Amino acid sequence: MVEGHEAVERLERLTGMLRRRGVILPAFEIHGGAKGLYDFGPVGGRLRANVQNVWRDHWLSQGDVVEVSCPTVTPFAVLEASGHVAEFSDFMTVCQACNEASRADTMLEDHHPNPDALSMADLQALLDDVRPSCPSCGASEWSPIVAENLMFDTVIGAGSSGRPAFLRPETAQGMFTTYPAIYRHFRERLPFGAMQLGRGYRNEISPRQGMIRLREFNMAELEYFIDPESDVVPDLSAWSATSVQLVPADGEAFEGTIPKALADGIILHPTVAWFMARTYDLMMSLGVHATKLRFRQHARDEMAHYALDCWDVELHGSYGWVECVGIAHRGCYDLEAHERATGQRLRAWRTYPEPKIVEIDGWTIDGAKAGPAFRALAGQVKAKVETLAADTVFPASIVLDGGDEVTVESEHVKRVQRTESVAGEWFIPHVVEPAFGIDRIIWHLLDHAYEESGAGEEMYVRMRLHPDVAPVDAAVLPLFEKEGMGALASEIHRRLCATRGVLASYDGSGSIGRRYARADEIGVPCCLTVDHTSLEDGTVTWRDRDTGEQTRMSVDDAVQRLASR
RNA sequence: GCGCACAUGAUCUAGUGGUUAUGAUACGAGGUUCCCAACCUCGUUACCCGAGUUCGACUCUCGGUGUGCGCACCA
């Protein structure tokens, strides 16, 4: 996956540095480590927090989005309703000849219209019956099927009273299950969004590629609920000059603007286009390189069956193009699924522009007469009668669902004639979901920002992180730790750290050049150096990470500048 | 999950069935230095875990764990 010898070495130097400096490191290493689990260390912790804050502020700025936080432990029934129990299970079988593991349903596709939907027992029976040949060696002796569930399972409560549960594989379900509260919060008016930053869990068969495939990961999802019949179109004019790389499901990759791709029918839905555009802005404000970002549309057969359109944001880095964001139009799938499973109403009310006048003209039963006449069948008779046309002549013979035929006399029925005014209707909102893999994004921020210059012993490393996400805002460096310069620098350091939103580090060891280098390596955007002049007039030099340029300014100005960023 | 390879200070690495296990960088203390990994002195830190073979294992064998790569998997 990693291409080229030089790229592999760069990747090794980068990951080595991230470990050494406490940015990202394997978790539980003193116990031997655990696959697919990573720590954000003393430097990485704030990097992650900064990325999450930029993400949070970006979406909250829309004004119609709220943040919620739901449990990671999720009852079985929730994920059964959402389809995850079925979707996240693969039925594996192992070839007895060559030990190659294969998915049973994949091998049986030619023998059943939809083997993916079969129960484990039925699939086993079909496998025994068909005995497909192994795609690897051609033999056809298979081990019994084993269910591989990609979700971590657990139990809520102890002993026999415990309810089966999973650690959530995505945060989205929490937004769907809490939909009624969100709907109420927004005074029952679409569109609106709910978002959540949190952890998700997938018991991956084989975590690989460092931070790219994790078993526990940080994700951030936004569920934007819309009225499918609304003709309000988001204003995309702000992006009419922003060219992005687009890879449509059919056709060649090209560069173009999002509004044009929508107008040309390549992007299928205006709200999807809106979130693509907003996501592009977010990626830029995090420091992603525009040339290393592309939108790739899912092919029809790649999309979940309910999705109406889906675009991934892929970022390019040491592992090639990696899916980091998915922007999916999920239709009404999720709310409908939970509604079906619970019987709760997960809908929104749509008021018609004009109330609809409905003429009701038909029949119903006269309970006092029909009840005694039909006794146990009265309910069924009522249902049937209410479907009869207004011009039905009684007595009439009708056939009930059970096959019984009854004769309904005119005394059993009453004419119903009235005019009703219907103000609106309930409908299931559609959902557009941008879902972000925070760890993957952070990885690419680091990968894009990491810059080496020189070679061998002379190599110099600079992490050109965006100042909004840089783990440390400023380094305070006394030129020498004597004659009061150290004390003054310590004072400035404390003052900066006491300033809301600012984190500074103090470094007094080694030559000044070495300390600049240490700061550059983890991407500290500026260094404030205290020298002899500082002792005289209270100024410091502000050194810019990227240019190395120094500006002399008062301590107050420097603090002010950092605080207002 | 299968196969191949690898595992030595904080990092990168040398090396050995037998005394005190290399080197560099980094880190710490001191000195020097008026701004970009300089220099001098001193110092701290390591053979992944567990069993086995052996008088003796960091070294050999097996198992585990982790890492990389290939296959499979990836809502």
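Nothing here was measured: the structure is a model prediction, and the numbers come from that model. Sequence lines set the chain letters: A, B, ... in the order given, protein chains first and strands last, and positions in each chain run from 1.
Legend: residues meeting salt bridge (charged side-chain N to carboxylate O under 4.0 Å, His left out) with A:R10, ordered by chain and number and at least two apart, are A:D447.
With a 4.5 Å cut-off on side-chain heavy atoms, A:L535 and A:M485 count as touching.
For the 3.5 Å distance criterion, the side chains of A:S554 and A:D556 fail to qualify, holding no donor opposite an acceptor. For the residue pair A:T74 / A:R168, no side-chain donor-acceptor distance below 3.5 Å is found, with atom types taken as modelled.
Taking a pair to require two hydrogen-bonding distances under 3.5 Å in either a Watson-Crick or a G-U wobble arrangement, B:U53 remains unpaired. With a cut-off of 3.5 Å on both pairing distances, the Watson-Crick or G-U wobble partner of B:A29 is B:U41. Pair check for B:C47 finds none; no Watson-Crick or G-U wobble contact set falls under 3.5 Å. B:C58 is unpaired under the criterion used here, namely a Watson-Crick or G-U wobble arrangement in which both key atom distances are under 3.5 Å. Look at B:U16: it lacks any Watson-Crick or wobble partner with both distances under 3.5 angstrom.
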Report, one pair per line, the protein and nucleotides 11-14 of chain B atoms (nitrogen or oxygen only) whose separation is under 3.5 Å.
none

What protein N or O atoms touch nucleotides 36-39 of chain B N or O atoms at under 3.5 angstrom, if any, and at what distances?
from	atom 1	to	atom 2	distance (Å)
B:C36	O2	A:R543	NH2	3.2
B:C36	N3	A:R543	NE	2.6
B:C36	N3	A:R543	NH2	3.4
B:C36	N4	A:R543	NE	3.2
B:C36	N4	A:G548	O	2.7
B:A38	OP1	A:R514	NH2	2.8
B:A38	OP2	A:S511	OG	3.2
B:A38	OP2	A:R514	NH2	3.4

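Checked by distance alone, A:D531 brings no side-chain donor or acceptor within 3.5 Å of a matching partner on the base of B:C34.
Ring pair A:F436/A:W55 is perpendicular by interplanar angle, where above 60° counts as perpendicular and below 30° as parallel.
Remark: A:R296 fails to qualify as a cation-pi partner of A:W321 under the 6.0 Å distance and 45° angle criteria applied to the six-membered ring.
Which of B:C73, B:G28, B:U33 sits closest to the side chain of A:F480 comes down to B:U33. Closest to the side chain of A:K35, from the set B:G66, B:G28, B:C34, is B:G66.
Note on A:G454: nothing from the nucleic acid sits closer than 4.0 angstrom, heavy atoms only. Residue contacts for A:T541: at a heavy-atom cut-off of 4.0 Å it reaches a base atom on one of the strands shown.
In this structure, A:D473 does not pair ionically with A:R561, as no charged nitrogen and carboxylate oxygen lie closer than 4.0 Å.
Between A:A34 and A:E323, the residue anchored closer to the 5' end of RNA chain B is A:A34, taking for each the nucleotide with the nearest heavy atom.
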